[in-house]
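Taking it in order: structure first as structure tokens, then the write-up.
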Amino acid sequence: MAFARLNGVVIHHEVRGDPSKPAVVFSNSLGCDFRIWNKVAAELADDYRLVLYDKRGHGLSEAPPQPYSMDDHIDDLVALLDHVGVDRAAVIGLSVGGMIAQGLAIRYPERVTALVLCDTAHKIGDDALWNMRIETVNTKGISALTDSIMQRWFMPEYRTPDNPDFVGYTAMLTRTTTDGYAGTSAALRDTDYTELTRKLKVPTLCLGGDHDGSTPPSLMRELASLIEGSEYTVIENAGHLPCIDQPARTASVISDFLGRTL
Ligand SMILES: O=C(O)CC1=CCC(=O)O1
């Protein structure tokens with residue numbers, strides 16, 4: 001656990017594993033912090049140097065006033081890689097984290113060895129969707145959105161109060177700052193990587209849950225079709241966060257790809 005002020009914002013991060021091994025950095029989804037990766041990271045820790053972090057407004061990182069841009073999130077990640085002394089890394093990004101990963105590879109191709117794009121897209125949602133979320137979280141709080149978000153994140157059998165994990169991950173979402181949630185929603189609203197992602201020339205694995213209610217398989221397939229030579233794997237019995245509901249399978253698919261690629 002470490003903190004650094006980067007671009008004027010204190011960013012919570014952690015570096016694990018052997019510094020001589022290839023670097024892998026994880027970027028998280030909206031309303032989540034880096035603990036979503038803990039089970040997957042444990043499976044990769046022997047083979048890679050792992051960098052995990054909470055993006056601005058999330059987890060233990062500071063929350064500057066909204067709105068944020070996707071470039072703000074990318075600049076934070078570049079500053080973090082500089083801070084921990086990583087020149088080049090494979091980037092594993094989930095949802096908005098997958099857009100941060102695409103943006104990093106677009107702006108700094110020399111710093112990205114591979115992409116793992118999980119439950120994400122080149123464009124997620126539209127202005128109306130994100131403006132509704134920004135307005136709701138600013139006027140009523142994140143709790144007004146929680147049920148609908150959970151329906152997109154998790155399958156029905158997972159979403160029961162008897163499931164301690166479900167209760168815990170709900171708390172992760174509801175404890176996200178208003179500025180972090182609304183600020184990052186503005187970044188999502190304002191980003192469309194369709195044309196820029198087409199130009200990527202980096203080994204890429206796309207993966208996503210078969211029951212993902214936010215970035216469904218049809219959208220993931222569209223993303224994969226934009227990136228020349230990319231692979232696409234569907235994680236069965238998983239929602240929007242396969243690193244949580246199918247961690248072993250997710251880690252195995254990622255480990256196989258990184259082992260062949262790095
Ligand atoms: O909240 C959702 O619908 C899921 C999501 C979209 C972008 C992101 O990072 O998470």
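Source: prediction; values computed, not measured.
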Would the distance check show the side chain of [X] and the main-chain N or O of [Y] forming a donor-acceptor pair, the cut-off being under 3.5 Å?
X: Lys21; Y: Asp46; answer: yes
X: Asn7; Y: Val9; answer: no
X: Asp33; Y: Asp54; answer: no
X: Asp210; Y: Asn237; answer: yes
X: Ser61; Y: Gly57; answer: no
X: Thr204; Y: Val202; answer: yes
X: Asn28; Y: Ile36; answer: no
X: Glu236; Y: His211; answer: no

### Query
When His58 is tested against each of Thr177, Leu30, Ile11 for side-chain contact (heavy atoms from CB on, under 4.5 Å), which residue passes?
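The single option meeting the side-chain contact (heavy atoms from CB on, under 4.5 Å) with His58 is Leu30.
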
### Query
Out of Ile134, Asn138, Asp190, which one pairs with Ser185 under the side-chain contact (heavy atoms from CB on, under 4.5 Å) rule?
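Among the candidates, only Ile134 passes.
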
### Task
First locate atom CG of Asp165, then atom CG of Asn163, and finally report the distance between them rounded to the nearest 0.5 Å.
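Nearest 0.5 Å value for the CG-CG distance: 5.0 Å.
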
### Query
Out of curiosity, Leu145 CG to Leu173 CG, how far, rounded to the nearest 0.5 Å?
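The CG atom of Leu173 is 8.0 Å from CG of Leu145, to the nearest 0.5 Å.
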
[X] side chain to [Y] side chain, donor-acceptor N/O pair below 3.5 angstrom:
X: Glu195; Y: His122; result: no
X: Ser29; Y: His240; result: no
X: Asp192; Y: Thr194; result: yes
X: Asp18; Y: Ser20; result: yes
X: Ser27; Y: Tyr53; result: yes
X: Thr215; Y: Asp212; result: yes

### Query
Is it the case that Arg56 places NZ or CZ above or below the six-membered ring of Tyr68, under 6.0 angstrom from the centre and within 45 degrees of the axis?
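Arg56 over Tyr68 ring: yes.
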
### Query
Quick check: are there more than 12 heavy atoms from other residues, nucleotides or ligands sitting under 6.0 Å from CZ of Arg175?
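At most 12 heavy atoms, drawn from other residues, nucleotides or ligands, come within 6.0 Å of this atom.
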
### Query
If you count the non-hydrogen atoms of other residues, nucleotides and ligands that lie under 6.0 Å from CZ in Arg159, is the total more than 12?
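Yes, because the 6.0 Å sphere around CZ of Arg159 holds more than 12 heavy atoms from other groups.
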
### Task
I would like to know whether Lys201 and Glu228 meet salt bridge (Lys or Arg N to Asp or Glu O under 4.0 Å); could you show each step before the answer?
CA-CA 7 Å; Lys201 301 271 183 262; Glu228 197 183 316; 3.3 Å; yes

Does any part of the side chain of [Y], heavy atoms only, come nearer than 4.5 Å to the side chain of [X], both counted from C-beta?
X: Leu188; Y: Met99; answer: yes
X: Val78; Y: Asp82; answer: yes
X: Leu94; Y: Leu241; answer: yes
X: Val84; Y: Glu14; answer: no
X: Val86; Y: Arg49; answer: yes
X: Ile92; Y: Leu44; answer: yes
X: Phe26; Y: Phe34; answer: no

### Message
Apply the hydrophobic cluster definition, ILVMFWY joined by side-chain contacts under 4.5 Å directly or through others, and give me every member besides Val10.
### Response
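So far as hydrophobic clustering goes, Val10 is joined with Met1, Phe3, Leu60.
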
### Task
Determine, for Glu135 against Arg133, whether the closest basic-nitrogen to carboxylate-oxygen distance falls under 4.0 angstrom.
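Answer for the salt bridge query: no.
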
### Task
Measure the acute angle between the ring planes of His83 and His13, then classify it against the limits of 30° and 60° as parallel, tilted or perpendicular.
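Taking His13 first and then His83, their aromatic rings stand perpendicular (interplane angle over 60°).
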
### Message
Could you see if Leu196 belongs to whatever hydrophobic cluster contains Leu77? Use Ile, Leu, Val, Met, Phe, Trp, Tyr and a side-chain cutoff under 4.5 Å.
### Response
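Linked within one cluster.
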
### Task
Assess whether side chain to side chain contact (heavy atoms under 4.5 Å, CB included) is satisfied between Trp37 and Leu50, documenting all intermediate values.
CA-CA 11 Å; Trp37 292 111; Leu50 307 180; over 6 Å; no

### Task
Apply side chain to side chain contact (heavy atoms under 4.5 Å, CB included) to Arg189 and Asn131, showing your working.
CA-CA 8 Å; Arg189 177 195 61 203; Asn131 285 335; 2.8 Å; yes

### Task
Run the numbers on Asp75 and Arg107 for salt bridge (Lys or Arg N to Asp or Glu O under 4.0 Å), then give the verdict.
CA-CA 10 Å; Asp75 290 343; Arg107 288 178 54 197; 2.8 Å; yes

### Query
Going through the distances and angles, do Trp153 and Asp245 end up as a side chain to side chain contact (heavy atoms under 4.5 Å, CB included)?
CA-CA 10 Å; Trp153 282 11; Asp245 47 22; over 6 Å; no

Anything under 3.5 Å between a donor and an acceptor, one on a side chain of residues 252-262, the other on a protein residue two or more places apart or in another chain? List them.
residue	atom	partner	partner atom	Å
Asp256	OD2	Arg260	NE	3.2
Asp256	OD2	Arg260	NH2	3.1
Arg260	NH1	Glu231	OE2	2.9
Arg260	NH2	Glu231	OE1	3.0
Thr261	OG1	Phe257	O	2.6

### Task
Run the numbers on Val91 and Leu117 for side chain to side chain contact (heavy atoms under 4.5 Å, CB included), then give the verdict.
CA-CA 8 Å; Val91 189; Leu117 303 177; over 6 Å; no

